[in-house]
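What follows is a set of notes on a single structure, which appears directly below.
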Amino acid sequence: MPELPEVEVTRRRIEPFLVGRTIERLETTPPSYFFLTPPAQLERRLVGRSALNLERRGKYLLACIEGGERLLLHLGMTGQLFSSGATSVRLLSATARAALGPEEQSEFQPDRHTHLRLSFTDGGPGVFFRDVRKFGKVQLLAVGEASERLDRLGKDALEVEGCDLFRATRKRTVAIKNLMLDQSVIAGTGNIYADECLFFGGVRPRRRAARVTRAECDRIAEGLKRVMRRSIETGGSSISDYVAPDGSDGAYQDERRVYARGGEPCHQCGTPIRRIVIGQRSAHYCPACQK
DNA sequence: ACCGCACCCTGAGCGC
DNA sequence: TGCGCTCAGGGTGCGG
């Protein structure tokens, strides 16, 4: 599940494959709700042009295109943005993996989940956007067109301070975990890093937001930035589908304190980590370290 | 305004 | 072996 760190690592590593290269061909899967802009229109607008830059806003990637249009990408749950030369078992289904010998990994071949394929006039590697569950999004914003999705975003998670969080939590009855996941409050947090930062804050995920103290907000905000910075350094979390643009895995999953560690001992006190469900989503915490 | 929940999708993993 | 079930979850939109 790509969250801020995975999206940032993707941004940094796909940038050299994308920015400044003229798009020669654009191929897609059939129109679906994955394409907020219809594929035919993407092709018309993008072929012959190049991206001038690649930015990140929360979990979105945003590229300015020659001529002033902007390309907006979201990786959703299972989105993978990578160079066509990448090699990784994470780019294959389990059955496809099983059909291959151990050393038989070769260059990725586009499959029915590879919704967007860009090739470039310089003849170098292409850029692929693959997404098994199609929760990802592709949208081309016209010159000067605003994006409601971007405009709704709150402060980037890497810039959130305790005072921001404290202000946002007042009079809110939602579970603090759900508030951390609200992109209009904090942009970039997903399930993994929400659980992790609440561990650092010493706050149980189900506690009502308004009952989190100022000091706890400080610790949560610091924890959030700490885990995200560290995750970016280690290449993100490769728990199920995430793969960096060059095909490599991240390593942050090895440093998780609580996420997906239900039943395993807390690294700090040895108490088994508890897994609960909050609003249809799993949450993990240490019942001894978090109050 | 806020909150909880259903929904979009597909593959993995499980029980029978 | 294979079927059918459940689970995973980011973001949106709706009803209360």
Side-chain angles (χ1 to χ4, degrees), chain A residues 1-8 10 28-36 56-62 72-81 88-99 110-116 129-139 147-154 156-157 167-196 205-212 228 236-243 253 256 258-263 275-284:
Chain A
M1 353 169 178
E3 305 180 27
L4 186 152
E6 291 75 32
V7 177
E8 177 60 21
T10 297
T28 72
T29 49
S32 67
Y33 73 92
F34 180 84
F35 295 103
L36 295 174
R56 181 190 57 75
R57 307 271 181 91
K59 300 180 204 172
Y60 287 92
L61 289 173
L62 184 65
L72 187 62
L73 304 176
H74 195 290
L75 300 178
M77 272 280 302
T78 51
Q80 301 166 316
L81 189 62
S88 167
V89 293
R90 292 187 195 278
L91 298 173
L92 304 172
S93 69
T95 40
R97 281 177 217 181
D111 58 3
R112 69 194 190 95
H113 306 301
T114 312
H115 302 296
L116 186 64
F129 187 177
R130 182 173 184 265
D131 185 2
V132 169
R133 286 182 209 169
K134 286 206 280 198
F135 286 181
K137 292 280 176 284
V138 179
Q139 183 176 25
S147 163
E148 288 176 18
R149 292 159 193 277
L150 290 179
D151 293 345
R152 265 200 295 268
L153 294 179
D156 199 80
R167 208 178 310 122
T169 51
R170 293 312 88 186
K171 298 184 179 171
R172 295 293 300 269
T173 59
V174 274
I176 182 67
K177 167 75 185 276
N178 283 347
L179 189 110
M180 299 300 297
L181 293 174
D182 184 340
Q183 300 299 296
S184 69
V185 175
I186 305 173
T189 315
N191 218 22
I192 300 174
Y193 300 97
D195 280 358
E196 294 298 301
R206 204 138 40 189
R207 179 150 18 131
R208 285 172 184 260
R211 308 189 65 158
V212 179
M228 286 193 167
S237 299
S238 289
I239 290 178
S240 55
D241 303 285
Y242 176 70
V243 62
Q253 65 278 9
R256 280 171 296 136
V258 288
Y259 181 78
R261 293 195 62 241
R275 177 187 181 278
I276 59 175
V277 173
I278 305 176
Q280 322 285 84
R281 219 140 280 179
S282 66
H284 313 78

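Here is how names work: the chains are called A, B, and so on, in the same order as the sequence lines, proteins then strands, and each is numbered from 1.
Proximity of A:His113 to the phosphate of B:dG11: a side-chain N or O atom is located under 4.0 Å from OP1 or OP2. Between A:Lys171 and B:dC2, a side-chain N or O to OP1/OP2 separation shorter than 4.0 Å is absent. Between A:Tyr193 and C:dG10, a side-chain N or O to OP1/OP2 separation shorter than 4.0 Å is absent.
We find that CD of A:Glu148 is positioned 16 Å from P of C:dG11, with the value rounded to whole Å. In this entry the distance linking CD1 of A:Ile278 with P of B:dC5 reads 12 Å, nearest Å. Protein atom NE2 of A:His74 is 19 Å distant from nucleotide atom P of B:dC8, rounded to whole Å. As a whole-Å value, the separation of A:Gln139 CD from C:dG11 C1' is 13 Å. Here B:dC9 presents its P atom at 13 Å from CZ of A:Arg133, a figure rounded to the nearest Å. When the C1' atom of C:dG10 is taken as reference, atom CG of A:Leu73 falls 15 Å away, rounded to whole Å. As rounded to whole Å, 16 Å separates atom P of C:dC7 from atom CG of A:Asn191. Between A:Arg112 atom CZ and B:dT10 atom C1' the separation is 8 Å, expressed in whole Å.
Judged by distance alone, with hydrogens and angles left aside, the side-chain atoms of A:Glu3 form a donor-acceptor pair with the main-chain N or O of A:Ile192 at under 3.5 Å. Panel note: side chain A:Asp111, backbone A:Thr114; a donor-acceptor pair is recorded below 3.5 Å. Between the side chain of A:Arg170 and the backbone N or O of A:Ala210, at least one donor-acceptor pair lies under 3.5 Å. Checked by atom type and distance alone, the side chain of A:Gln183 pairs as donor or acceptor with a backbone atom of A:Gly188 at under 3.5 Å. Side chain of A:Lys59 to main chain of A:Gly76: no donor-acceptor pair is present (N/O by atom type, distance under 3.5 Å, no hydrogens or angles). Judged purely by atom type and a 3.5 angstrom limit, A:Ser282 has no side-chain atom pairing as donor or acceptor with the backbone of A:Val277.
Within 4.0 Å of A:Glu3, counting heavy atoms only, lies no atom of the nucleic acid at all.
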Please list each protein N or O that sits under 3.5 Å from an N or O in nucleotides 12-15 of chain C, with the distance.
unit_1: C:dT12; atom_1: OP1; unit_2: A:Arg149; atom_2: NH1; d: 3.1
unit_1: C:dT12; atom_1: OP1; unit_2: A:Arg152; atom_2: NH2; d: 3.2

Base-pair map of DNA chain C as dot-bracket, where | denotes pairing with a different strand and pairs are Watson-Crick or G-U under 3.5 Å: .|||||||||||||||
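Rounded to the nearest 0.5 angstrom, A:Glu6 CD and A:Met228 CE are separated by 8.0 Å.
Residue A:Ser282 has its side chain nearest to C:dG9 when only B:dT10, C:dG9, C:dG11 are considered. Of the candidates B:dT10, B:dC8, C:dG10, the closest approach to any side-chain atom of A:Tyr33 belongs to B:dC8. Closest to the A:Val174 side chain, of the nucleotides C:dG10, B:dG4, B:dC2, is B:dG4.
Both A:Asn178 and A:Lys134 lie near DNA chain B, and the one whose nearest nucleotide falls closer to the 5' end is A:Asn178. Along DNA chain B, the nucleotide nearest A:Leu179 and the nucleotide nearest A:Gln280 are compared for position; the residue whose nucleotide lies closer to the 5' end is A:Leu179.
The pair A:Asp156-A:Arg57 does not meet the salt-bridge criterion, since no charged nitrogen lies less than 4.0 angstrom from a carboxylate oxygen. Between A:Asp195 and A:Arg256 there is no salt bridge, since none of the side-chain N atoms of the basic residue sits less than 4.0 Å from a carboxylate O of the acidic one.
In this structure, A:Phe34 and A:His115 have tilted ring planes: the angle between them lies in the 30° to 60° band.
A:Phe135 qualifies as a stacking partner of the B:dC8 base, centre to centre under 5.5 Å and near-parallel within 30°.
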